[in-house]
Amino acid sequence: MIDMRIQICGVEFKNPVIAASGTFGFGRENAEYFPLSKLGGISSKGLTLNKKDGNRGTRIYETASGIMNSIGLQNPGIDGFIKDELPFMEKQDTIILANVGGSTLDEYIVSVDKLNDTNIDMIELNISCPNVKEGGMAFGIKAKTAYEVVAAVREICRKPLIVKLSPNAENMMEMAESCAKAGADGLSLVNTFNALAIDIYSRKPVFNNITAGLSGPCIKPIALRMVYEVSKAVDIPIIGLGGIMDHEDAIEFIMAGAHCIQVGTANFIEPTISMDIVDGIAKFMKDEGIKSLDEIRGVI
Amino acid sequence: MIDMRIQICGVEFKNPVIAASGTFGFGRENAEYFPLSKLGGISSKGLTLNKKDGNRGTRIYETASGIMNSIGLQNPGIDGFIKDELPFMEKQDTIILANVGGSTLDEYIVSVDKLNDTNIDMIELNISCPNVKEGGMAFGIKAKTAYEVVAAVREICRKPLIVKLSPNAENMMEMAESCAKAGADGLSLVNTFNALAIDIYSRKPVFNNITAGLSGPCIKPIALRMVYEVSKAVDIPIIGLGGIMDHEDAIEFIMAGAHCIQVGTANFIEPTISMDIVDGIAKFMKDEGIKSLDEIRGVI
Amino acid sequence: MKQGYRRGIVHTNIQLATDVYEMKLMPHGDNNRDTSLRIEDRLGFQGNPGQFYMLRGWQLDPLLARPISICNISNGMVTFLYEVVGKGTRMMSELKAGDTLELLGPLGTGFDLELGGRLALISGGAGMAPLIYLKNRLENDMDFYCGFQSEPYYIDEIEKGVDNIYITTEDGSAGHRGFVTELFTPERYDTVITCGPTPMMKEIVKICGKHDIPVYMSMESHMACGIGTCLGCTVETTSGILRVCREGPVQLGKEVVFDD
Amino acid sequence: MKQGYRRGIVHTNIQLATDVYEMKLMPHGDNNRDTSLRIEDRLGFQGNPGQFYMLRGWQLDPLLARPISICNISNGMVTFLYEVVGKGTRMMSELKAGDTLELLGPLGTGFDLELGGRLALISGGAGMAPLIYLKNRLENDMDFYCGFQSEPYYIDEIEKGVDNIYITTEDGSAGHRGFVTELFTPERYDTVITCGPTPMMKEIVKICGKHDIPVYMSMESHMACGIGTCLGCTVETTSGILRVCREGPVQLGKEVVFDD
Ligand SMILES: Cc1cc2nc3c(=O)[nH]c(=O)nc-3n(C[C@H](O)[C@H](O)[C@H](O)COP(=O)(O)OP(=O)(O)OC[C@H]3O[C@@H](n4cnc5c(N)ncnc54)[C@H](O)[C@@H]3O)c2cc1C
Ligand SMILES: Cc1cc2nc3c(=O)[nH]c(=O)nc-3n(C[C@H](O)[C@H](O)[C@H](O)COP(=O)(O)OP(=O)(O)OC[C@H]3O[C@@H](n4cnc5c(N)ncnc54)[C@H](O)[C@@H]3O)c2cc1C
Ligand SMILES: Cc1cc2nc3c(=O)[nH]c(=O)nc-3n(C[C@H](O)[C@H](O)[C@H](O)COP(=O)(O)O)c2cc1C
Ligand SMILES: Cc1cc2nc3c(=O)[nH]c(=O)nc-3n(C[C@H](O)[C@H](O)[C@H](O)COP(=O)(O)O)c2cc1C
Ligand code: FES
Ligand code: FES
């Protein structure tokens, strides 16, 4: 048996593969396709303090090797999550990250406080959703604003705190340093890239909100560069993501310096893909004689 | 006949389609495939004061719907260009943009000064090449640094001056405003995105310089968003580019606010593609009853 | 456990009319040899009327698979009826016998098969696909109203087992000239079942609403995942936001809040 | 004016050995009907030994076309011999008779066809392709040294018109066990022509250098455009940076500065 265990922020993952927020629901649907216990962890759909119906109009649009989305954080709210979704997740024998968005500092704080008393393993603070005011992307652009929200949340948060960064940040390295200084236990990056699509026949943007978030294999080379730079800039562990489609992509992120990786859009292409990536990493380690991921992390 | 003419910075283009710098050489090769007079304009391969051999190792690498390049501004130098390439270009009955890179303020100034006395129509100041120090990307990240170089070049430049922006800039809108204030007559965007690829078997970056520039259809949705935002932020004309593969993409950029568009990576996919895009725009205008591109520019 | 994407082999892929094709797929041999699969997955395609498969007849360009309704299943072979409207369906139309493609399914919630009484099935264009499978599985008294833009197709398959067939074409090239909604008389039916362009379905829901006749509709939506995780395919209903791929595609018409 | 990408139709696509295929292509009918084309473009494929085509047997995934040398041209039909090493060549290997693909060419600068004297042609694996076309067009005295990893292939085609054929295999499955460079005796030849893995060609240039025998080599490089504009395929030579796709792929060995 290949040992893929990895410990970050005081939490032990059985392997480095985490299903990314918003691409795996709360695990119920994919659980029909494979046992979720195969995964290192699952990050919940982005949660807001109150239930949200999400955006109207087009929500998903296909681009070259990518998709744009403007779901608008449709979610059952923190209470709904705790009542209806968490009990199922707790039974899956995998690490649970609660992905939390918010439009005000207060909202973040109330949400995180409610989660303090649950069995979730980590908070993933989403300061980077481009599709709603409440996603908190405003917090994710300037390092100083991010510092304030992270520091405030840190103060009341009794769970390990991961901050999810936006690739739209002005300066990724400053942003990462700021979040680390404010007390983040780890960082995950990247969220989606702000992007635009136009229907030239109706002469209107495809999305009601004009811009939307780009994800998928198209962004991988940029996301990988950001993970590499950020891993040099800070000492806290990093969860890398952005366009990972197979175990080779996952290994690239680890070699760029990531401790764990997340699989997002790829889950839409094949419901078993996260599990397949776990198996692929194990095989790669075996073939290459790698005993522990520590040997290759940040090796380039 | 459809009228696609467009006047920007005092220069009249017969249509809005320009071949992008570094993807069309000096026009010689593509001239074997179609008459260059079909194009609105051609931007030369990036020029530096002195001849450069370019980078060693892998120079081009394929990614999902994109390519990464690290050519390293291989070029004959300004004098070589004027002597060996410009005479050919002048005969093609199309607008000539000289794309100029530099590693120091002085180098930019000497280069532009030499071009002042030639028949080129415009300078495209490249403050955004990620692959060499001399590309000037250092100037393209912070708005304040960009201001200084553009203002200094503006002072001695007797040609219309377009500044080519990097998508890696911290804040595209501030950057655009800064360049406009410094005296740029127009802006072109985007250059390539800084990106990374790793060969997981050798455990090394694919490129000697570690990072390289990403271009092609994968970046289009992000480039389009940037063109849209910048066109709202400044009053000077904009040349939009990034992943344009067909006339529909070109129209999207125009509807996002661009006056002209450039075709880059697509030239590698089909040597006649720039001409095909000219024809496609004409057909679209005819089909949709559009008399002038002014009707649809920035229409969204 | 359900299976992820599996392979199918094109048995036939026949053009029925301009831009309309019928494709029959066999399960791929690999599935049959893989003894870790449940016996029914090894033997053939499954699914109920109204359910669909996500299809990918290409690698990663386009990135996403495309939802296509089951038009029939017989001896483990599945039939799809599809219209070429863009890149994905065009690539499907270029597949030849022996080519393989990837499928995920059956997905979604199909029609109630216990409906009693007299039924009207109303289709617009390729929307006939799920209705054909439905009628092949029902014994009810049924009339089939099918609207086409121009040349009608697949009439032989539609006719089988229905009492009356009503054809309309927008250009008058066959049957009644105009829209199905013009021919259709709701009072004669206990339940109406429809699939086609949204404006057509909306009109039918309106007409039937006046007579208090229930309408089941199979909805369209652009899909990314097909299994309920992306929340890209949602529709607003009187009981909240539903996923077309999961709680749908079949919905009771009066519960749907149509966009304008 | 040259033509941009044109369509070809697969005539045959035959597996010769593990991961090695021979594909023959006919010009597409459209080209023949298009009277704006020059007559020779309408009638068939063109090109000299050492020249290549950029091939794309897919849409935009992968994004770039792949360079493949002309292995033969006869009656306007072109033959390619290729090895499956990655995604693009794998997709080529899946094409069936009647499928179409896109081609740009002929491209590059081929071999000097006026070489006098006795020639040694030395190939490694699929590097035989341009050498086969070359020998088919020459009348010189020639020996053909072909190295394989394992099972030899295409021997019938290699033999035609050459004086001696020397076969080596790395695993000893046929001919001499080892590398071609071990069998080859430079003194017997006026000119050496080689195509294969770079380490092999480098070794040959070294051996021949000692005897002052000129070596022409057909170089490999990853290409984006194939026409000379991307500057992605360059190689360092004693006379500066050259483009493999334009000034090459054929180069005089002693002028090439090999990377380490
Ligand atoms: C449950 C279900 C069952 C179906 N069953 C069938 C069937 O049996 N037969 C059949 O022919 N079709 C069926 N469809 C429709 C079919 O899925 C689409 O026609 C197909 O996906 C189109 O793919 P394409 O790549 O050919 O076209 P695309 O190129 O994807 O698009 C076609 C058109 O849709 C527009 N479009 C693309 N993306 C979006 C978006 N995100 N939002 C809004 N507009 C967009 C495009 O601009 C274009 O006009 C079904 C759909 C659903 C949801
Ligand atoms: C002029 C010329 C003529 C040729 N003629 C023939 C021929 O007749 N027959 C034949 O079989 N082959 C020929 N080749 C080689 C052929 O072009 C390649 O094998 C083919 O392009 C591989 O494509 P692929 O998609 O299958 O593999 P890819 O997936 O592109 O790559 C195969 C391997 O190359 C590596 N690689 C990919 N991109 C790069 C890069 N930018 N830099 C370094 N390594 C990279 C990959 O990691 C992988 O190991 C020729 C090449 C040239 C330049
Ligand atoms: C449909 C969709 C919904 C998403 N919802 C969320 C979300 O609720 N919270 C969040 O932090 N990220 C969300 N994301 C971003 C992903 O978690 C991920 O950061 C991004 O898609 C990049 O990774 P990928 O390229 O692997 O998809 C969403 C992405 C998609 C495609
Ligand atoms: C191989 C290559 C070389 C390039 N060289 C230059 C250059 O010399 N100067 C410059 O300003 N941009 C250069 N670019 C950037 C392009 O002009 C263009 O800004 C970028 O590729 C985005 O457009 P695209 O996606 O259409 O290619 C180069 C791009 C490529 C792919
Ligand atoms: S298609 Fe993803 S939720 Fe329905
Ligand atoms: S492949 Fe582009 S210059 Fe040679």
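Naming: A, B, ... by sequence-line order, numbering from 1 per chain. On a predicted model such as this, the values are computed, not experimentally measured, just so you know.
- There is no contact between B/I254 and chain A, counting heavy-atom distances below 4.5 Å.
- Side chains of A/I222 and B/L196 form no contact here, defined as non-hydrogen atoms less than 4.5 Å apart.
- The shortest distance between side-chain heavy atoms of B/F284 and A/I200 falls below 4.5 Å.
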Quick one: donor-acceptor pairs under 3.5 angstrom, chain A versus chain B?
| residue | atom | partner | partner atom | Å |
| --- | --- | --- | --- | --- |
| A/S65 | OG | B/S65 | OG | 2.5 |
| A/E170 | OE2 | B/N171 | ND2 | 2.9 |
| A/N171 | ND2 | B/E170 | OE2 | 2.8 |
| A/N194 | O | B/R225 | NE | 2.9 |
| A/N194 | O | B/R225 | NH2 | 3.2 |
| A/L196 | N | B/P221 | O | 2.9 |
| A/I198 | N | B/E252 | OE1 | 2.7 |
| A/Y201 | OH | B/E248 | OE2 | 2.8 |
| A/P221 | O | B/L196 | N | 2.9 |
| A/R225 | NE | B/N194 | O | 2.9 |
| A/R225 | NH2 | B/N194 | O | 3.2 |
| A/E248 | OE2 | B/Y201 | OH | 2.8 |
| A/E252 | OE1 | B/I198 | N | 2.8 |

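- Counting heavy-atom pairs closer than 4.5 Å to chain A, the top-ranked of the candidates B/P221, B/A64, B/A256 is B/P221.
- Contacts between B/A223 and chain A at a heavy-atom distance below 4.5 Å are absent for every atom of the residue.
- The two residues A/L214 and B/C218 come nearest to each other via the heavy atoms CD2-O, 4.1 Å.
- Contact of B/M255 with chain A is made through backbone and side chain together, with heavy-atom distances under 4.5 Å.
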